[in-house]
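Every chain is numbered from 1 and lettered A, B, ... according to where its sequence line falls, protein lines coming before strand lines.
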There are 2 protein chains.
Amino acid sequence: MGEVTIQQVATEAGVSPSTVSNLLNGRNHRMLPETRQRIETAIDKLGYRPNRAARQLRTGRTSTIGLVVPSVGNPFWGALARHIESAALAEGYHVLLCNSERDPRRERDYIDELWADGVHGVVLCSSLPSLEHVMPLVERGLQLVAFDRTSQAGDPASLVSISVDNAVGSQLATQHLTDLGHRRLAYVSGALASVNRKERYRGFVAGLEQAGLDPAEALRAPTGSGADDFGDVEASELGRAAAAELVALDEPPTAIVAINDMCALGVCRGLRDGGLEVGKDVSVVGFDDIVLADLYAPTLTTVRQPMREMAAAAFSQLRSRLDDPGPSQGQSLLFRPELIVRESTAPPP
Amino acid sequence: MGEVTIQQVATEAGVSPSTVSNLLNGRNHRMLPETRQRIETAIDKLGYRPNRAARQLRTGRTSTIGLVVPSVGNPFWGALARHIESAALAEGYHVLLCNSERDPRRERDYIDELWADGVHGVVLCSSLPSLEHVMPLVERGLQLVAFDRTSQAGDPASLVSISVDNAVGSQLATQHLTDLGHRRLAYVSGALASVNRKERYRGFVAGLEQAGLDPAEALRAPTGSGADDFGDVEASELGRAAAAELVALDEPPTAIVAINDMCALGVCRGLRDGGLEVGKDVSVVGFDDIVLADLYAPTLTTVRQPMREMAAAAFSQLRSRLDDPGPSQGQSLLFRPELIVRESTAPPP
DNA sequence: AGCATGCGGTGCATCGTTGCACCAGTCCGC
DNA sequence: GCGGACTGGTGCAACGATGCACCGCATGCT
């Protein structure tokens, strides 16, 4: 049980613990190469690893960051988590995983707890439009990188926002459909509860206008209890239900833009249930380009987010702010979306 | 910055830090209700939260567990991570996420590091048949719960194994196909590098034999460089390539059993590429029942693992062993798989 | 000789919590 | 009225790493 301590290393190397500590922390400018060698040998021999708790207690710093996502069960967030974790690992950081399940209260509790644990940097994939609930901690020094959420008025000044340009992406998707000749489009999303969802819808509207169509005539589904928010796992359920509603119309749309890929897959499923063939009778576009978009039958036309780059940026932003003590200026990084055309879109029948 | 310490709480409540600590740790058998009240008031007023690092340094205990999975980018592991994290949260535990990317070295390094961080309990979803690389730590007291891996000779005595009965599951799937009348079956997997994969294949063979078929005549794909291991994200690629190989045969199989759902989806994709219709020309069965199995077109017949229950069991096993100091006896928990019949299977044409 | 400067380290207090050892006071029995 | 037990706490020394202040020595400069 007895783990090796810095004291034992020091004894072994015939120096004081301070000297070992100095070496460990790069304060070895004026250290005899021989001394350094002795210490390194001792470390290897004893298999010494610094005790993180002690180090954190003393310095107040951690090399653990928090990652708050709605749910890693969702392939999109799973992919993000994977990339963030990889980026963190490369720099010796660890990732504490938090699934908010889109519960604002849970999200808030998590962040409180992370802070209490000494975690000073969090990548937050919040479903909430306002970040007010975490302001107190941000004022105390919590570094926050918001992912998939463009910055808003009222956000903390130090906030970093990482996001794809949702409006442009949606517009790209919509334009693709109008270019194919579609004139009767529908938009499927849950409540536009988060910032990025609003943005995407805005892009949809812009795309319609650009094609000379009247946004007011476009359909939005579900039309029934459209105000309900929805969780990630249920995104596909929602898509499916929405599609059922749409096919039941007298004049169903010939093309559907979905808020994200999971939702789009649900839509495809619903259309199939209704006897329609996706990519022939109806076109469907998603958003995200999750791995399954290219596996699905038909393969899904979608808007790709450069996840790896975005994840790397999220981590490196966080890291640099964690290293630099001073109060830092926030910024927004908007990544460029890319339309990936696959089989689920075609000219209207 | 200055966080509230137990000392401040003590001063505020007019007691000694020890007394506050006693209350916090449930040693309040003989404490005046009034004192207790004063302390609780002080805690609330100051917003005190115990410093984890200090606590861990002092006690040697953490309420963080490690979760090592191949990659949370894979929906199956993502779902597991979500459930484990939920179970942990409910008991006040945190989850440190580690993606091994199926790299044995990375897996090993991770576990070493977790140990050095004071994490004494890990849920390990290892791709490795042998656990030898972690034996030294297990001997030092590391508690290990192996997920999706039935126990093996040579495993640490204290190891807990949580797994679905892979052989039975596979046999169920195979039997379903032979019951439908299929006589020419193929099995698609990567290398049978891990224990559970071997088990699944064994179930497949058993299923064939039970139907009076000769396992030797069943196909295994890919036939080319079949010995290659594969990562999770590439499981679908492998399925797709394997399907391409199979359709090119003079006498293609009428039914395919895939090692898991991601692989099965790849197979479906490959079959489609080859002009075959899944659920009509060819039947396909997967394993896991990931969320997408029910979204796919056609919906995928598969073998369900009771993930939520398995995740809960994994955490509670770990927890109880973490709480109880003494050396504990290992055990294996085998969960019952369930065949979920959907559209991707049908009688042979 | 007298003082400054550089070199290669070391001493020590400290981070916040814990829990064993201990203590002063009261009450009981004989 | 004295030993013993109980009550409701407190004192103090850790846990392991850190980093500032400091030290003895050698050398250089005037």
Side-chain angles (χ1 to χ4, degrees), chain A residues 1-40 42-43 46-64 92 115-120 141 325, chain B residues 1-40 42-43 46-64 92 115-120 141 325:
Chain A
M1 294 292 146
E3 293 307 294
V4 183
T5 74
I6 203 173
Q7 175 62 58
Q8 294 174 40
V9 174
T11 306
E12 174 78 23
V15 295
S16 80
S18 301
T19 306
V20 179
S21 173
N22 285 338
L23 176 56
L24 255 36
N25 292 282
R27 282 184 296 273
N28 57 346
H29 313 289
R30 41 197 198 193
M31 183 180 293
L32 253 31
E34 184 212 315
T35 308
R36 175 188 176 140
Q37 187 57 53
R38 283 215 315 283
I39 296 177
E40 280 168 351
I43 288 179
L46 300 178
Y48 168 71
R49 315 223 30 185
N51 179 313
R52 277 222 195 194
R55 184 175 263 183
Q56 183 184 338
L57 176 59
R58 184 66 236 261
T59 64
R61 272 173 272 135
T62 341
S63 50
T64 297
W115 178 257
D117 286 358
V119 172
H120 288 190
Chain B
M1 293 292 148
E3 292 307 293
V4 182
T5 74
I6 203 174
Q7 173 63 58
Q8 296 174 38
V9 174
T11 306
E12 174 78 24
V15 295
S16 81
S18 301
T19 305
V20 180
S21 172
N22 284 338
L23 177 57
L24 254 37
N25 292 280
R27 282 184 296 273
N28 57 344
H29 313 288
R30 41 196 197 193
M31 182 180 291
L32 253 30
E34 183 213 317
T35 309
R36 174 188 176 140
Q37 187 57 54
R38 283 216 315 283
I39 295 177
E40 280 167 351
I43 288 179
L46 301 177
Y48 169 71
R49 315 223 29 184
N51 179 313
R52 277 224 194 190
R55 184 174 264 185
Q56 182 183 340
L57 176 59
R58 181 68 234 257
T59 65
R61 271 174 272 134
T62 341
S63 51
T64 297
W115 179 256
D117 286 358
V119 172
H120 289 190

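- Applying side chain to side chain contact (heavy atoms under 4.5 Å, CB included) to V15(A) and the options N22(A), V20(A), V9(A) leaves one that passes, V20(A).
- No donor-acceptor distance shorter than 3.5 angstrom exists from the side chain of S21(B) to the backbone of P17(B), with no hydrogens or angles considered.
- Residues that satisfy the salt bridge (Lys or Arg N to Asp or Glu O under 4.0 Å) test with R36(A), not counting sequence neighbours, are E40(A).
- Between R36(A) atom CZ and dG8(C) atom C1' the separation is 15 Å, expressed in whole Å.
- Between dG19(C) and R27(B), a contact under 4.0 Å exists linking OP1 or OP2 to a side-chain N or O.
- Among the nucleotides dG19(D), dT17(C), dG16(D), the one closest to the side chain of T59(A) is dG19(D).
- In this view, R52(B) and E113(A), D117(A) satisfy the salt bridge (Lys or Arg N to Asp or Glu O under 4.0 Å) rule, not counting sequence neighbours.
- Atom P of nucleotide dG16(C) and atom CG of L24(B) are separated by 15 Å, given to the nearest angstrom.
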So which protein N/O to nucleotides 11-13 of chain C N/O distances come out below 3.5 Å?
from    : atom 1 : to     : atom 2 : distance (Å)
dG11(C) : N7     : S18(A) : OG     : 3.2
dG11(C) : O6     : S18(A) : OG     : 3.0

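- Going from atom CG of L23(A) over to atom P of dG8(C) covers 15 Å, rounded to whole Å.
- R27(B) meets the salt bridge (Lys or Arg N to Asp or Glu O under 4.0 Å) test with no other residue; sequence neighbours excluded.
- If you check every strand for non-hydrogen atoms under 4.0 Å, N25(A) touches sugar and phosphate atoms only.
- Look at R61(A) and you'll find a side-chain N or O under 4.0 angstrom from OP1 or OP2 of dG19(D).
- When rounded to the nearest whole Å, the span between CG of L32(A) and P of dG6(C) equals 18 Å.
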request  = Would you please test E3(A) and Y48(A) for side chain to side chain contact (heavy atoms under 4.5 Å, CB included) and show each step?
outcome  = CA-CA 8 Å; E3(A) 293 307 294; Y48(A) 168 71; over 6 Å; no
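- Counting non-hydrogen atoms under 4.0 angstrom, V15(B) reaches the backbone sugars and phosphates but no base.
- For T5(A) (side chain) and Q7(A) (main-chain N/O), a donor-acceptor pair under 3.5 Å exists by modelled atom type.
- Two residues are said to be in side-chain contact when any heavy atoms from C-beta on lie closer than 4.5 Å; L23(B) and M31(B) meet this criterion.
- Atom CZ in R55(B) sits roughly 19 Å away from atom P in dC15(C) (whole-Å rounding).
- With the nearest nucleotide of DNA chain D identified for both Y48(A) and T35(B), T35(B) has the one nearer the 5' end.
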ask   = What string of B, S and - do you get for nucleotides 21-26 of chain C, 5' to 3', if B is base contact, S is sugar-phosphate-only contact and - is no contact with any protein heavy atom under 4.0 Å?
value = ------
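- Whole-Å rounding puts the N51(B) CG to dA17(D) P distance at 17 Å.
- For S16(A), the side-chain contact (heavy atoms from CB on, under 4.5 Å) test picks out S18(A), T19(A), with sequence neighbours left out.
- Within the 4.0 angstrom heavy-atom criterion, base atoms lie near T19(B).
- Rounded to a whole Å, the CZ atom of R52(A) is 19 Å from the C1' atom of dG16(C).
- Dense packing is recorded around CZ of R49(A), with more than 12 heavy atoms of other residues, nucleotides or ligands lying under 6.0 Å away.
- A straight line from CD1 of I43(B) to P of dG16(C) spans 16 Å, rounded to a whole angstrom.
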